[in-house]
Each structure stands twice: as structure tokens, then as C-alpha cells.
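Below is one structure, written out as C-alpha cells; comments come after it.
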There are 2 protein chains.
Amino acid sequence: MAPNITKKIKEIALRVTPQRHAILKFLEGNVTHPSAENIHHKLLKKMPNISFTTVYNTLSKLVEAGKIQEVYIDPNKKRFDPRIDPHHHFYCKVCGKVFDVGYDAPFSVIINPLNTKKLDGHQVDEIQIYIKGLCKDCRSKR
Amino acid sequence: MAPNITKKIKEIALRVTPQRHAILKFLEGNVTHPSAENIHHKLLKKMPNISFTTVYNTLSKLVEAGKIQEVYIDPNKKRFDPRIDPHHHFYCKVCGKVFDVGYDAPFSVIINPLNTKKLDGHQVDEIQIYIKGLCKDCRSKR
DNA sequence: TTTTATTTTGTAATAATTACAAATATGGCA
DNA sequence: TGCCATATTTGTAATTATTACAAAATAAAA
Ligand SMILES: [Mn+2]
Ligand SMILES: [Mn+2]
Ligand SMILES: [Zn+2]
Ligand SMILES: [Zn+2]
């Protein structure tokens, strides 16, 4: 078991189980923004008994602890992202793929950092920019 | 029946039915971003037989025709918005209310209009900024 | 090794949305 | 105005994602 992943699990005061380890390892460096079902399906190959429920439970614990994030850009299901630094997302309406987009460049989205904590009297916790359209790959298939 | 609403239905080549009229009338000027269930529940008072399916069908036809928009900021369900001009949304994680936010002010979100059609080779159709946190009302109850 | 609390599993329940077909209503036309 | 073809509504059933639950298994502390 990779020690960095084991460490990450211990950091959030959870028991280190093969299932949790496998889920975190699968997500590490994964840029596809997989759904819970994607993750479960892939893990079944190496771990034929891992249950859907465990995948869901683990993912929500990881989200709660801030180790991964949920991305709500796909209208049909939650997608999960190991990247927790500020960035945004592009969703292809045809193939459903989700791509990362840098915070500013190359899209020139500028959020004034001075004002990001207050908005019409509301307390702002998160800002997500969701961009939808037709991805590069799907575009070239036309 | 209000003639402006009737006109809007005809514009999208649909038959004018009392159900469609009631749905559009309910949405007109509504700033609460109701869900399909909210809409159905309210309409039942005046129209005791209107079905869930009709509400869903009508809403998706209106979305398809660009007369209203779907807002995906609520992780549990679709919310509907009669405003189709560019603006963004704040979602209260406690009470679930959704508020409109102006495109630039007062939040100082600046999207460079020159670059909004291309992004890493992807074709951009929509940009939505979703802001989440604790709303004014919920904040004052703490 | 023993013990206990946590975790996993399998299954069932819930919630939102979509599919379908029979009954009904709309709008064009005689 | 009345008839008719087609679109729409309804009620119900199916689907999909997610959550709830309790018994069996396991991790980690003693
Ligand atoms: Mn991402
Ligand atoms: Mn709005
Ligand atoms: Zn695509
Ligand atoms: Zn609130």
C-alpha cells in the first residue's frame, strides 16, 4: 500500500481499509472527474467484492474532510475530483466529458478577491464556474 | 387568459392549453427558482388535475425553446428560471433558496467577452457562475 | 490474542426524472 | 358550428442516482 495514501486516510481519522486505499489511489492524479459508478466499475476488476455503498460512503467522507471535491456540472450525477485547488470546469454536452479550466487564464475570468466573501449580504463559501459546450474531440467529429 | 403568455406559447409552435398557460403564468416574474415539484404543488390549488408529467414535459419544452432556463445549482433537483438574460446564482446550503446575482456587479466577476467562444479548443455555449454559502436570512438566525 | 468500535456488504427504501399508452382536448377546415 | 387528425394530458410504471439499514467482517488498541 502506498504510504502517502495511507497517510491521507489517517489524517482524517479513518481506519485504513483496502477499499479506501483503492478508491483514493484510483482518484490520485485522475483528471476525468469520474462518477461513483465509474469508480466502482473500475475497482471491481481488482477488488471483485467492493460494494457500491462503500464507494459512496467513502467518497462522501473524503468530500466532508476536504480531501476531494464534488463537481455538480453533470446534470445527471455527481462527479468527483481529486483536485481541490481553485479551478473550474468545462462539460461537453455530447460526450459528457469534464475538463479542468484554469482559474484565470486561458479564459480570462477575473474574480476580484476583495469581494469574494460578501454578496448582497450573503456569506460566500464557494464559487464554481461551469462552462458547457462541445468539446474538442466531439467538434472534430462533425 | 393573458394574451402575452398565449403569444409566447404560440411562438414556439405549441398548442395553447390551460396547463401550459398556468405554468408560464406562474413562472413569469418569479424569482424563487422553483423546482418542478414546487410548480406542480402550487398549480394544483387552481388546477386540481394537472399532472406531474405535464409539468415536466412543458418545462422541458420551454427550456428547449429557450423561453426559460434550467439552473443546476441545487444538488438535489433541477430549478427553473424565467430569466434568460445573462446572470448567475447564489445557493444557500442551509435553506436551499436560490438568489440571482448580476453578471458583473456587485460581485466583480469579469469575463473577458473576447475569449468567451473558445477554450482549449472546446466550443463554449454557456457560462454559469454558481456561488454557494449561507444566505442573509439564515445568517441572521445564528 | 481479545475486544470493541468501525467498516463493509447486500439489500431495501427514497427521490427525481423519464417512458408509455390510453383518454382527452386543440386548432384547422368543411 | 361541428368534425377530425394530431398534439397533449393523465395516470401509472420504469429507470436512475442516491441514501438507509442491519448483519457480518475487520482494523486497531489493549
Ligand atoms: Mn477538476
Ligand atoms: Mn436566476
Ligand atoms: Zn465531447
Ligand atoms: Zn438560507
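The sequence lines fix the lettering, A, B, ..., with proteins before strands; numbering per chain opens at 1.
- Distance CD1 (A:I12) to C1' (C:dT6): 14 Å, rounded to an integer number of Å.
- For the pair B:Y56 and C:dT18, the criterion of a side-chain N or O lying under 4.0 Å from OP1 or OP2 is not met.
- Scanning DNA chain D 5' to 3' for nucleotides with an atom closer than 4.0 angstrom to a non-hydrogen atom of chain A gives a first and last hit of D:dA17 to D:dA28.
- Interface residues of residues 35-44 of chain A facing DNA chain D, ordered by number: none; criterion, heavy-atom separation under 4.0 Å.
- A:F80 has its side chain within reach of A:V63: a pair of non-hydrogen atoms, C-beta onward, lies under 4.5 Å apart.
- Listed for the B:H122 side chain is no donor-acceptor partner under 3.5 Å among the backbone atoms of A:C135.
- At C:dA25, none of the side-chain N or O atoms of B:Q19 fall inside 4.0 Å of OP1 or OP2 (strictly under the cut-off).
- Here B:T17 does not reach the OP1 or OP2 of C:dA25: none of its side-chain N or O atoms lies under 4.0 Å away.
- Pairs engaging residues 50-70 of chain B under the salt bridge (charged side-chain N to carboxylate O under 4.0 Å, His left out) rule: B:E11-B:K67, B:E70-B:K78 [sequence neighbours left out].
- Residues B:R83 and B:D81 are not paired through a salt bridge, judged by the lack of any N-O separation under 4.0 Å between the basic side chain and the carboxylate.
- With sequence neighbours excluded, no residue satisfies side-chain contact (heavy atoms from CB on, under 4.5 Å) with B:N49.
- B:Y72 has its ring centre no less than 6.0 Å from the ring centre of A:Y72.
- Between B:F52 and B:Y56, the ring planes lie tilted relative to each other; the angle falls in the 30° to 60° range.
- Near DNA chain D, meaning a heavy atom under 4.0 Å from it, residues 66-82 of chain A has A:N76, A:K77, A:K78 in order of number.
- Here the options are A:N38, A:D74, A:D100, the test is side chain to side chain donor-acceptor pair (under 3.5 Å), and the partner is A:H33; only A:D100 passes.
- The interatomic distance linking B:R20 (CZ) with C:dT26 (P) rounds to 11 Å, in whole Å.
- Applying the side-chain contact (heavy atoms from CB on, under 4.5 Å) rule to A:N57 yields the partners A:T53; only residues at least two apart in sequence or on another chain are considered.
- Map A:T53 and B:V55 each onto its nearest nucleotide of DNA chain D; the residue landing nearer the 5' end is B:V55.
- Taking the nucleotide of DNA chain C with the nearest heavy atom to each of B:R15 and B:S60, the more 5' of the two is matched to B:S60.
- Using a 4.5 Å heavy-atom threshold, the side chains of B:V124 and A:F90 count as touching.
- A salt bridge is defined here as a Lys NZ or Arg NE, NH1 or NH2 lying under 4.0 Å from an Asp or Glu carboxylate O, and A:K8 with A:E28 fails to meet this definition.
- The residue A:K61 sits close only to the backbone: its heavy atoms come under 4.0 Å of sugar-phosphate atoms, none of a base.
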